[in-house]
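Here is the structure we will look at.
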There are 4 protein chains.
Amino acid sequence: MPKIVDSEEYRKELLHRCFNLFAESGYASVTTRQISKALGISTGAMYHYFASKQVLFEQLVEEISWQDVYLFKSIAEGGTLTERIERLGCMLVQHEEHFVKQAVIWTDFYQHTAVTEINSNPIFQQIDRRYQQMMEELLNLSDPKLARFVWTLINGILIEQIERENSFSFAQQIHLFTKMLIAYCEKYCI
Amino acid sequence: MPKIVDSEEYRKELLHRCFNLFAESGYASVTTRQISKALGISTGAMYHYFASKQVLFEQLVEEISWQDVYLFKSIAEGGTLTERIERLGCMLVQHEEHFVKQAVIWTDFYQHTAVTEINSNPIFQQIDRRYQQMMEELLNLSDPKLARFVWTLINGILIEQIERENSFSFAQQIHLFTKMLIAYCEKYCI
Amino acid sequence: MPKIVDSEEYRKELLHRCFNLFAESGYASVTTRQISKALGISTGAMYHYFASKQVLFEQLVEEISWQDVYLFKSIAEGGTLTERIERLGCMLVQHEEHFVKQAVIWTDFYQHTAVTEINSNPIFQQIDRRYQQMMEELLNLSDPKLARFVWTLINGILIEQIERENSFSFAQQIHLFTKMLIAYCEKYCI
Amino acid sequence: MPKIVDSEEYRKELLHRCFNLFAESGYASVTTRQISKALGISTGAMYHYFASKQVLFEQLVEEISWQDVYLFKSIAEGGTLTERIERLGCMLVQHEEHFVKQAVIWTDFYQHTAVTEINSNPIFQQIDRRYQQMMEELLNLSDPKLARFVWTLINGILIEQIERENSFSFAQQIHLFTKMLIAYCEKYCI
DNA sequence: AATGAATGAGGTTTCATTCAT
DNA sequence: TATGAATGAAACCTCATTCAT
C-alpha cells in the first residue's frame with residue numbers, strides 16, 4: 001500500500017510549496033535542486049510527481065489560476081458597479097503578496113513559452129478564458145474588453161511591486177486605480 | 001581620443017544588437033553563445049567589451065533608458081494636459097515594439113536583481129529618478145505620485161502584449177487608457 | 001516443502017518473462033522498472049526474488065543454459081555424423097528466435113562480466129563445460145576442439161540475425177553452414 | 001586563430017582514442033566522464049567535437065569501418081581462391097585485437113540501435129554495403145551471399161575471443177576455419 | 001509477500017568564462 | 001583586438017535500491 005494516501009492532494013501541496021521560489025527567481029533561474037529542497041523532498045521524488053521542471057511549472061501556473069477562481073468567486077455577487085470595483089480593490093490589497101507573485105509567474109510563463117505552444121495548449125487557453133470570465137462576472141460591464149483591460153492595468157500595478165521598496169504603497173495605488181476606474185465608468189458607462 | 005569614442009560607439013551598437021534576444025527569451029534563458037552570435041562577434045570579443053553577461057545586461061538596461069529619454073523629450077513641450085496625454089499615447093503606439101520589449105527587459109531585470117543591489121547601485125537609482133522626472137515633466141501634474149502611477153499602468157498594458165495574439169490591439173488599449181486618464185483628471189485635477 | 005518448490009518454480013517463470021527484454025536492449029540499457037513491468041510485479045517484489053539486477057541477469061543466463069540442455073538432449077541420439085549435423089541445423093532453425101536471443105544475451109554477459117569473475121564463479125565454469133559437452137556428445141567427433149568450434153561459428157550466424165532484415169534467411173545460412181561442415185568432415189574426419 | 005589546426009584530423013584521433021573503452025565495456029556502460037578521461041580532454045571539449053554520446057559512437061563505428069577498408073584493400077589483389085582465403089586468415093590473425101574489438105562494437109551497435117533507424121540512416125546502409133563489397137572483391141566468389149556468410153562466421157570466431165582465456169587460440173581457430181572454407185569451395189565451387 | 005514512493009549518487013549535457021594563438 | 005577551443009562546475013534528469021506500509 002502506498003505511503004501517501006491522496007497522491008493528487010500531495011501533488012498540489014507540492015505545487016504550493018514552490019510557488020514562492022518561482023515568483024522570486026523566475027523559471028530559468030530556479031534549479032531543480034532548489035525546487036526539491038523547497039519541496040522538502042529528494043530530486044527523485046520530485047520527478048516521481050512531475051515529469052519535468054517544465055511540467056511542474058505548467059501545473060503550478062494552472063493550480064494558481066484555480067486559487068484565483070476561488071478568490072474571485074468570493075467577491076462576485078451583488079452591489080453597484082462602484083461597490084464591486086471597491087470590493088475587488090479590497091481583495092487585491094488583502095492578498096497583495098499572492099497576487100504580486102502570481103503576476104510575476106504569469107509574466108515569466110508567457111515570456112518563456114512560445115505563442116504557438118500556448119495557443120495549441122487547451123489548458124492555457126482555458127485558463128485565459130477563465131480570467132476573462134472572472135473579470136466579466138465581477139464587474140458586470142457591457143464591454144467584455146473593458147473587463148479584461150481592468151485586469152491588464154492591475155497587472156501593471158502588481159508587477160510594479162516586485163522586490164521594490166515603494167514609498168507609494170500597493171494599497172494606495174489600488175485605491176487610486178479604483179478612483180480612476182470609477183471616474184471612467186461614471187463618464188462613459190452610464 | 002577618437003579611438004575611444006569609436007569604441008564607445010561600437011559598444012552601444014553591440015547593446016542594441018542584442019536587445020531583441022533578451023526581450024524575447026529573458027536574461028537567464030539567453031546563452032552567451034546566442035548573444036555573441038546576435039552580436040556577430042566571437043565570445044572572446046564579447047568578453048573584451050563586457051566583463052560578464054551580467055554587466056552586458058546591466059549596460060543594455062541603462063542604454064535603453066537613454067533611448068527612452070530622447071523619445072520622451074520629443075513630446076515634452078507645450079499643450080493642455082489632455083493634449084499631452086494624447087501625445088504620450090500616440091508616441092507609445094508609434095514605438096509599440098520598442099516599448100513592449102523594454103518593459104519586458106525591465107521586468108526581467110527587476111526580478112533577477114536583488115533589491116539591495118539596485119538600491120546600492122547609483123546608476124539604477126538614477127535611471128529610476130529619470131523615468132519619474134520624464135513622466136512628471138510630460139504630464140506636468142501637481143502630484144508626482146500620479147505621474148509615476150501612469151507609467152505603472154502603461155507598463156501593465158505593455159506587458160500584456162508579450163508574444164500574445166490580442167483581439168484588442170495595443171493602439172486600442174492605449175486609446176482606452178488615455179480616455180480613462182483624462183476622465184480621472186477632469187474629475188480630480190480639474 | 002511444496003511452498004519452496006512453488007516459489008522456486010515462480011522464480012524461474014519470472015526469469016523467462018524478462019528474457020526478451022535483455023535480448024532486445026542489453027543488460028545495461030534495461031532498467032529495473034522495465035524489468036518489473038515485464039515481470040508483471042512491483043520493483044519491491046522483484047527485489048524479494050532477486051538480490052539485485054546483476055543477480056537476476058546471472059540467474060537468467062544460467063536458466064537459459066538449462067533450456068538449451070533439454071533442446072540438445074532431444075536430438076542427441078544415433079545416426080551418422082551427417083545425420084546428426086543436419087538434425088542440429090534443423091533444431092536451430094526450429095528455435096531460431098530462442099537461439100538468437102540466447103546468443104545475444106551470452107555475448108552481452110561476457111562483455112559485461114570481468115574474466116576473473118567468470119573464472120572464479122563455479123556456476124559459469126560449469127555452464128561453459130556443459131555446452132562443450134553437449135556439442136561433443138551431439139557431434140561425437142574425435143576432436144573436442146572442433147565441437148566447440150562448431151558452436152562458435154553457429155554463434156556468429158545467430159548474432160548476424162539481431163534485429164536485421166536479411167535477404168539471406170537464417171534457415172538458408174544454417175543450411176549453408178551444414179554443407180560446409182559436412183564438406184570439412186568428409187575431407188578430414190574420415 | 002584556432003588552436004587545433006586540423007580539427008577534422010583531431011576528431012578522428014579522438015575516435016581512435018576511445019575505441020578500446022567501447023570495446024571493453026559496451027556503449028551503455030561507458031560514461032561520458034570515462035570517455036572524456038580516455039580522450040584526455042574535458043567533457044565540454046568532448047561535446048565541442050561530438051554533439052552527443054550517441055553521435056560519438058556512430059562516428060566511431062563509421063571510422064572503424066574505414067580502417068577496415070584499408071586493411072582489406074591491402075590484401076585484395078591476385079592469387080587463387082585458396083591463396084586469397086589464406087591471406088585473409090593471415091591478416092585477421094595479424095590484427096586480432098583490432099578485429100575482435102571491432103566485432104564487439106558492431107554487435108553492441110546493432111543491439112542498441114533500432115532496425116528502423118539503421119535502415120533509414122544512409123551512412124550505415126553504406127557501411128553495410130562496403131563490408132559486403134570488400135568480402136566479395138577479396139574472395140571473388142560467384143555467390144555474393146557466400147562472401148557475406150564468410151564474414152558472418154568470422155564474426156562468430158571474433159566474438160568468441162571476448163575477454164576469454166581460450167586454450168584454443170584465435171590463430172588456430174582461423175586456421176581451422178580456413179581449412180573448412182577451402183574444403184567447401186573445393187567441393188562446390190570447383 | 002507485495003507495493004510503489006522515496007532516495008541520492010551519478011548519468012548526460014550545457015554554459016559562463018578563460019586563454020593560447 | 002579577435003578567435004573559438006577548452007574548461008569544469010553545475011544544470012536537468014535517471015535509476016538501482018530501500019523501506020514504510
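First the proteins, then the strands, lettered A, B, ... as listed; each starts at 1.
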Partner residues of D/Thr43 under the side-chain hydrogen bond (donor to acceptor under 3.5 Å, both in side chains) criterion, sequence neighbours left out: none

Qualifying residues under ring-ring contact (aromatic ring centres under 6.0 Å, His included), relative to A/Phe109, sequence neighbours excluded: A/Phe57, A/Trp106, A/Phe124

A/Thr43, nearest nucleotide to its side chain (from E/dT3, F/dC13, E/dT18): F/dC13

Listed partners of B/Arg17 passing salt bridge (Lys or Arg N to Asp or Glu O under 4.0 Å), at least two apart: B/Glu13

Mutual orientation of the aromatic rings belonging to D/Tyr10 and D/Tyr49 [parallel < 30°, tilted 30-60°, perpendicular > 60°]: perpendicular

side-chain hydrogen bond (donor to acceptor under 3.5 Å, both in side chains) against D/Asn121, all qualifying residues, sequence neighbours excluded: none

B/Ser29 vs A/Gly40, nearer the 5' end of DNA chain E by closest nucleotide: A/Gly40

Whole-Å gap separating C1' (F/dA16) and CZ (C/Phe57): 16 Å

Pairs satisfying salt bridge (charged side-chain N to carboxylate O under 4.0 Å, His left out), at least one member in residues 35-59 of chain B, at least two apart: none

For B/Arg11, all residues meeting side-chain hydrogen bond (donor to acceptor under 3.5 Å, both in side chains), sequence neighbours excluded: B/Glu8, B/Gln59

Within residues 30-39 of chain C, residues whose heavy atoms come under 4.0 Å of DNA chain F: C/Val30, C/Thr31, C/Thr32, C/Arg33

Under-4.0 Å side-chain N/O to phosphate OP1/OP2 contact, C/Tyr49 with E/dA2: yes

side-chain hydrogen bond (donor to acceptor under 3.5 Å, both in side chains) partners for B/Lys101, two or more places apart: B/Asn20, B/Glu97

Separation of E/dT21 P from B/His48 NE2 (nearest whole Å): 20 Å

Whole angstrom value for the distance that separates C1' of F/dT7 from OH of D/Tyr47: 15 Å

ring-ring contact (aromatic ring centres under 6.0 Å, His included) involving C/Phe19 - partner list, sequence neighbours excluded: C/His98

Structure string for DNA chain F in dot-bracket form, Watson-Crick and G-U at under 3.5 Å, | interchain: .||||||||||||||||||||

C/Lys53 NZ to F/dT17 P, straight-line distance once rounded to whole Å: 8 Å

Closest-nucleotide ordering on DNA chain F, the 5'-leading residue of C/Met46 and B/Ala45: B/Ala45

Touch class at under 4.0 angstrom, heavy-atom based, for D/Ser52 against every strand present: sugar-phosphate

Nucleic acid contacts of residues 15-27 of chain D, taken as heavy-atom distances under 4.0 Å to DNA chain E: none

For A/Glu9, salt bridge (Lys or Arg N to Asp or Glu O under 4.0 Å) partners two or more places apart: none

Whichever of B/Ser42 and A/Gly44 has its nearest DNA chain F nucleotide further upstream toward 5': B/Ser42

Atom of D/Gln125, atom of D/Ile118 and distance for their closest heavy-atom approach: CG-O, 3.9 Å

Sugar-phosphate only, base, or nothing, as touched by D/Phe50 at under 4.0 Å among non-hydrogen atoms: nothing

Span that lies between the P atom of F/dT21 and that of E/dA1, in whole angstrom: 22 Å

Minimum-distance pair of heavy atoms, taken over all atoms of D/Ile127 and D/Ser65: CG2-CB, 3.6 Å

